Amino acid sequence: MRYSRMLIPTQKETPQDATLPSHMLMIRGGYIRPLAAGTFTYLPLGIRTLHKVTEIVRQEMVRSGAEELLMPALQPLSIWQETGRDEIFGPVLFRFDDRRGRSLALGTTHEEVITDIARSYLRSYRQLPLNLFQIQTKFRDEERPRGGLIRTREFIMKDAYSFDRDEAGLDASYQAMYQAYSRIFSRCGLDYVPVEADSGAIGGSVSHEFMVPSPHGEDSMVTCGSCGYAANVERCELPAMEEIPAGTAAVEEVETPGTTTIEQVSSFLKVSPDRLLKTLIYTAGEKIVLALVRGDHELNEAKLARAVGAPIEMADGPLVEKISGAAVGFAGPVGMNDRGAFMVADNAVKAMADFVTGANKNDAHLLNVNRERDFAPDVYADIRAAGEGDACPRCGGALSFVRAIEVGHVFKLGTRYSEMMNAGFLDDAGKNRPFVMGCYGIGVSRIPAAAIETHHDEKGIVWPITIAPFEVLLIPTNPTDQALMQHAEALYSGLLENGVDVLLDDRDERAGVKFNDAELIGVPVRITVGPRGIKNGVFELKLRDGSMESEIPLAEGVAAVSRIRNELVDRLSKA
RNA sequence: CGGGGCGUAGCUCAGCUUGGCUAGAGCGCCUGGUUUGGGACCAGGAGGCCGGUGGUUCGAAUCCACUCGCCCCGACCA
C-alpha cells in the first residue's frame, strides 16, 4: 500500500477522554475513532490489525480441529428464557421488540443458539466430539464501558463450543483448546498468563482465564513465585485456619454511637479489627443471605455466590434496615437464625472467639459474641478475598497481586445447557445422554489493546510483527528526488513480490514527519531510503523495538528484509 | 446506579467569575513560494446553530432551569 492513498489520520495531540496508553495511541495513530460510549469505528489501520488477529485465531482453531460457522447476533428473546439467562444477564442483554411486537435480543454469547443447533443435528455418539466456533460481533449493554477497546458495548469475540459424549472427552477437548489458546496468544506476541478462574454467569466447573498483566487491567490475579500457582483473585482459595474453641465470656451490649465502619468501631472500642465480625447482607432471589467475615478481611462476592449456589446482590439501605432492624453499620448475626436468613460464615470465623458484632440496633454493638452459642452459621465457606499477606494455597509461598486484562476464557460447562435445553444423543448402548459441553472465548478486539498496553513507548506503539497493520514501513526521505524514489519503488515492489506486507510512505512530507508517524503507528520494521545511503549503495533498516539498526546494500535489500521479517515472525510462533 | 469533571473550528484549548463591538489561539486543512534525514518557513485563505430546549434581559458562549452526550472514580461485569 501507498501511504498517500490510505486514510491514516494520525494526530499530535492526545484526545481529552483517552486515558489508557492503548486507547490514546490507537486514536492518535489513526486506528480507531469513537462514535458513542463503548463503540468504535475501526479505521483502515485498525481493521488491518484486527484481521491479522482474527486470521491467527482462525488458523489455530482450525488446526486444533474446530470448525467455523456463523450464528446470528439477532436472536429471539425466547431462546434466552429457555435457560433463564435473560434474567441472569438482566439489563446487560440488549433487548427490543420488532415491528410485530416480538421480543428480540442481541447476542452476548451463544450457548443457547449453539445448543439448539446441537440438539437439532447431533443424534449419535458417532458424530462426537465436535467443536464449532465463530468470530462475531457481540453486544453487551455494560453499565460503564471504559478503557477504550478494553470494555466496549459492541466487540468482536471468538467463541467456540465443544460437544463430547463424556467427561473424558470434555477433558480432551478442553486441553486442545487450552493449547490452541496458548499458541494464539504467543503468536500475537502477548505476555499472557493462564490462571484458574471463576466461571460466573456462564456456569460450569473448571475454568481458566488467559490474562495479560497490566496496571490498567480491570481484573486482579495472584501468582505464587515459588510454585507457579496463578489464579483470578476471585478464585484464589484460602487455606482454612486452625479452629479455636469458642469463648465463654458473657455477651455484653455497649453503646457505639455513630460508628458504622470497622475502623470507627475498632478505634472507638479500642479493639483491633481482627476481633470484629463484619456482617454483610445480600439477597439471592427471595432469599436473604448473611455473610460473616472477619473485620480486617474483604468479602469476595464471587466466592459468596458460589457458596450460596445462586447469583447474589448486595442489599440496599432500606432492605438492610428492614432485615436487621438497624441502620447500615449495625447489623450482626445474633438473633438472625430465627429470622430466616441463610448465614454463611467465612472459614476464618472458626478461628475467632469473644468477638465484636453489630447489635442489630442503632448505635450499639455486642462484645464477647461466640459462634454456635450466640448464632449458628448455616455453612462455613471460603468467602473472603485474598489480599496482600495471604499465603499460596498450594505451597504456602508468598502471593503477589497484579492487575490484568482478560483476553481469553475457557470453561468446562458439563451438561448444564444440554440438560436444560434437552439436547442429547444416543450412546453406543442406545441410551439417551446429554452432551458434555465446553465453551471457549477470546476477546479478539481486546487483543490489540492488550498488546499495546505492554508494547509501547513514549513515541508510540511497538507492535509484535504478527499483528502489526504492516510488517515494513518504507520511507524515502525525499519524494521529489527521482533517483531516490526509483530505489524505493524497486525495493517496494520487490518486497511485495516476496509476500512482505509493506507500506510505502510516498507522501510529500519532511522526513521528520514521516519518522514520527512511523514511530506512532508502530510498524516493526522501518526502512529509510535517503540520499546519504544511496551514495554508498545502502539503505537503513531499524526495528521499532530498538533491537537492531543496520545498513543494508540495496542489491541485497529484498532478501535481507524478507529474512528479518521471517525471523521476527518465527520468534513469536515458537514461544 | 452513587460521586466528580467536561461539552466553544477536524484536534488541543482560551473566553464564562463580573452579560455588551465582527467569538479567539496553537496544531491540522487549502493556495502560492522557499525548503527537504527528526513534527520547516513566509504570504494569503477556508472552516463555528459556543451540545440542545426553554427562561431572565434592551442584549446570552457567558446567568437560571431542564435535557442530551462524553470521560473518570466507585458499584457491577463473562
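In this text the structure is predicted, and so the values were computed from the model without any measurement. Order of the sequence lines fixes the chain letters, A, B, ..., with proteins taken first and strands second; residue numbering starts at 1 for each chain.
Base pairing of C6(B): its partner is G69(B), meeting the Watson-Crick or G-U wobble criterion (both donor-acceptor distances under 3.5 Å). U56(B) makes up no base pair with any nucleotide shown, lacking Watson-Crick or G-U wobble contacts both under 3.5 Å. Under the Watson-Crick or G-U wobble criterion, with both distances below 3.5 Å, G48(B) is left unpaired in every strand shown. Remark: C11(B) base-pairs with G26(B). Criterion, Watson-Crick or G-U wobble with two distances under 3.5 Å. In this structure C41(B) sits in a base pair with G33(B), meeting the Watson-Crick or G-U test at under 3.5 Å.
Ring centroid separation for the pair Tyr31(A) and Trp463(A) comes in under the 6.0 Å cut-off.
In summary, Lys138(A) and Glu154(A) do not engage in a salt bridge, as defined by a charged side-chain N under 4.0 Å from a carboxylate O. Ion pair Arg403(A)/Glu218(A) not flagged as a salt bridge, since none of the NZ, NE, NH1 or NH2 atoms sits closer than 4.0 Å to an Asp/Glu carboxylate oxygen. A salt bridge links Glu489(A) with Arg2(A): the closest approach of a Lys/Arg side-chain nitrogen to an acidic carboxylate oxygen falls below 4.0 angstrom. Salt bridge annotation for Lys303(A)-Glu234(A): absent, with no cationic side-chain nitrogen under 4.0 angstrom from a carboxylate oxygen.
From Phe139(A), atom CZ reaches atom CZ of Arg95(A) across 15.5 Å, with rounding to the nearest 0.5 Å.
Distance from the side chain of Ala37(A) is smallest to C70(B) among C11(B), C72(B), C70(B). Listed candidates were G28(B), U36(B), C11(B). Nearest to the side chain of Asp508(A) is U36(B). Minimum atom distance to the side chain of Thr477(A) is reached by G37(B), of the listed A40(B), C76(B), G37(B). Comparing G39(B), C72(B), G38(B) against the side chain of Arg146(A) picks out C72(B) as the nearest. The side chain of Arg144(A) lies closest to C73(B) when the candidates are C76(B), C73(B), G37(B).
Relative orientation of the Phe163(A) and Phe435(A) rings is perpendicular, given thresholds of 30° and 60° on the angle between their planes. Relative orientation of the Tyr178(A) and Tyr174(A) rings is tilted, given thresholds of 30° and 60° on the angle between their planes. Aromatic ring pairs are classed by plane angle as parallel below 30°, tilted from 30° to 60° and perpendicular above 60°; the pair Tyr192(A) and Phe210(A) is tilted.
Taking only distance into account, the side chain of Glu540(A) meets the base of G37(B) through a donor-acceptor pair shorter than 3.5 Å. Judged by atom type and distance alone, Glu509(A) does not reach the base of G39(B) through any side-chain donor-acceptor pair under 3.5 Å.
Toward the 5′ end of RNA chain B lies the nearest nucleotide of Thr14(A), the other residue of the pair Thr14(A) and Glu406(A) mapping further downstream. Residues Glu13(A) and Lys459(A) both approach RNA chain B. Their nearest nucleotides, taken by heavy-atom distance, put Glu13(A) toward the 5′ side.
Using atom C1' as the reference point in both U57(B) and U62(B), the two lie 13 Å apart (nearest Å). Using P as the reference atom, G51(B) and A14(B) are 14 Å apart when rounded to the nearest Å. Taking the P atom of each, U34(B) and G52(B) are spaced 45 Å apart, rounded to whole Å. Comparing C68(B) with U53(B), their C1' atoms sit 10 Å apart, to the nearest whole Å. On the C1' atoms, G69(B) is 29 Å away from G59(B), given to the nearest whole Å. Look at the P atom in both G15(B) and A75(B): the space between them is 35 Å, to the nearest Å. Nucleotides C13(B) and U56(B) place their P atoms 35 Å apart, quoted to the nearest Å. U8(B) and C71(B) have their P atoms separated by 14 Å, with the value rounded to a whole Å.
Using a 4.0 Å heavy-atom distance criterion, Arg28(A) is classed as a base contact. Residue contacts for Ala36(A): at a heavy-atom cut-off of 4.0 Å it reaches the sugar-phosphate backbone alone, with no base atom in range. Nucleic acid contact for Gly30(A): none, since no nucleic acid atom lies under 4.0 Å from a heavy atom of the residue.
Rounded to a whole Å, the NZ atom of Lys514(A) is 15 Å from the C1' atom of A40(B). Atom CD of Glu458(A) is separated from atom P of G38(B) by 18 Å (rounded to the nearest Å). Atom C1' of nucleotide U36(B) and atom CZ of Arg532(A) are separated by 13 Å, given to the nearest angstrom. For the pair Ile312(A) CD1 and A75(B) C1', the computed distance is 13 Å after rounding to whole Å. Rounded to an integer number of Å, the gap from CD of Glu143(A) to C1' of C73(B) is 14 Å. Atom-to-atom, CD of Glu142(A) to P of A75(B) comes out at 15 Å; the value is rounded to the nearest Å. If you measure from atom CG of Asp505(A) to atom P of G38(B), you get 15 Å, rounded to the nearest angstrom. Following rounding to the nearest Å, Ile475(A) (CD1) and G37(B) (P) show an atom-to-atom distance of 13 Å.
Within residues 515-531 of chain A, the residues approached by RNA chain B to less than 4.0 Å at the level of any non-hydrogen atom are Phe515(A), Asn516(A), Asp517(A), Glu519(A), Arg526(A), Thr528(A), Gly530(A), Pro531(A), in residue-number order.
Between Met485(A) and Pro479(A), the closest heavy-atom pair is CG-O, 3.3 Å.
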